[in-house]
Amino acid sequence: MLILGRMSGAVLESVLGAIGDTPLVELRRLHPGPGRILAKLDYLNPGGSKKDRVALRMLDEAAADGRLVPGQTVVELTSGNTGTGLAIVCAVRGHPFVAVMSRGNSDERAAMMQALGAEVVLVDQAPGAARGHVSGDDLARVEEVAAALTVERQAFRADQFQLGGNARAHEDGTGEELWRQSGGAIDAFCEFVGTGGTLAGVARALKAHGPGIACYAVDPSQPDHRIQGGGYSMPELPLLDPALVDGRLTVTDDDAIATARRLARLEGIFAGFSAGANVAAAERLLAGPHRGQTVAVVLADTGLKYLTTDLWA
Ligand SMILES: Cc1ncc(COP(=O)(O)O)c(C=O)c1O
């Protein structure tokens, strides 16, 4: 397994060494107080999202126990971020990679994966669905295609909804980094849920250090929403033990968008819809049960992934 070394200053053996160890910034301009929001800049990973961590960990674990062999094709269902991470790891390690994605996700994502050498298979959305709004139904269609391609290509399925490496990447990585960088000064954490891997992993790490640290799931306020990367209304998530979740908050599209724009203008932080959702949820926690305390969030991906959407319009 790789030692992650972004901050070490050493010459890295490959770009994979630049995954993780992202900076933690206090959002003082956006939230002058009372209380603090600490934001982990995971959009600074090589693929522009926190999913680089997950891609690397899933393939490391599979290679270590023989589920993935040299030269084998890798397939995954993705809203684009995990696919970009996998495309990067596969490029470095020499695996062909097939990304299966809904047509509802933004074009930048497909273009970036293709540039990294991936084959991108786009799946039509359910009848009546709008672009930018990816539903659980749309995802079920993508799953069907990904499963069939895995059999056809005798591929390794890097299934981010099922593989424990997803949550472990955030437990040993994101969560431990949050604890260390903040000097253990975190009272609450909130996270927009897709696979639930980030919330599960970070909650496990933080609660191991401080069992009283409250961990919240962030959901869209309605099933038909524009916050890409999650909010699929799935009945259960294999990676997310409900016992780790102390509460749930909902965020509207408008709140997520307005907050992502404030992040850009006030903090110089150019991140995506879900980053806006997380910061909006953190502000609500600071106005309510966590007044005067410290709330941590992860900013999942870069705003560059949404230039063709109305996020910046
Ligand atoms: C932009 C973005 N935000 C949030 C999430 C949700 O993260 P997780 O799958 O760890 O729940 C994802 C997942 O793909 C994402 O791409």
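Remember, it's 1-based here, ligands and their atoms both numbered in the order they're listed.
Taking 4.0 Å as the cut-off between side-chain N and carboxylate O, D60 and R168 do not count as a salt-bridged pair. Between E119 and R153 there is a salt bridge, with a side-chain nitrogen of the basic residue lying less than 4.0 Å from a carboxylate oxygen of the acidic one. Ion pairing between R141 and D124 fails under the 4.0 Å rule for side-chain N and carboxylate O. Contact check on D255 versus R262 returns no salt bridge, with no Lys/Arg side-chain nitrogen under 4.0 Å from an Asp/Glu carboxylate oxygen.
For ligand 1, the 4.0 Å heavy-atom shell contains residues K50, K51, S79, N81, F192, V193, G194, T195, G196, G197, T198, Q228, G229, S274, A300, D301, Y306.
Side-chain N or O atoms of N166 include one that pairs as donor or acceptor with a backbone N or O of Q160 at under 3.5 Å.
Partners of H31 according to the ring-ring contact (aromatic ring centres under 6.0 Å, His included) rule, which considers only residues two or more places apart in sequence or in another chain, do not exist here.
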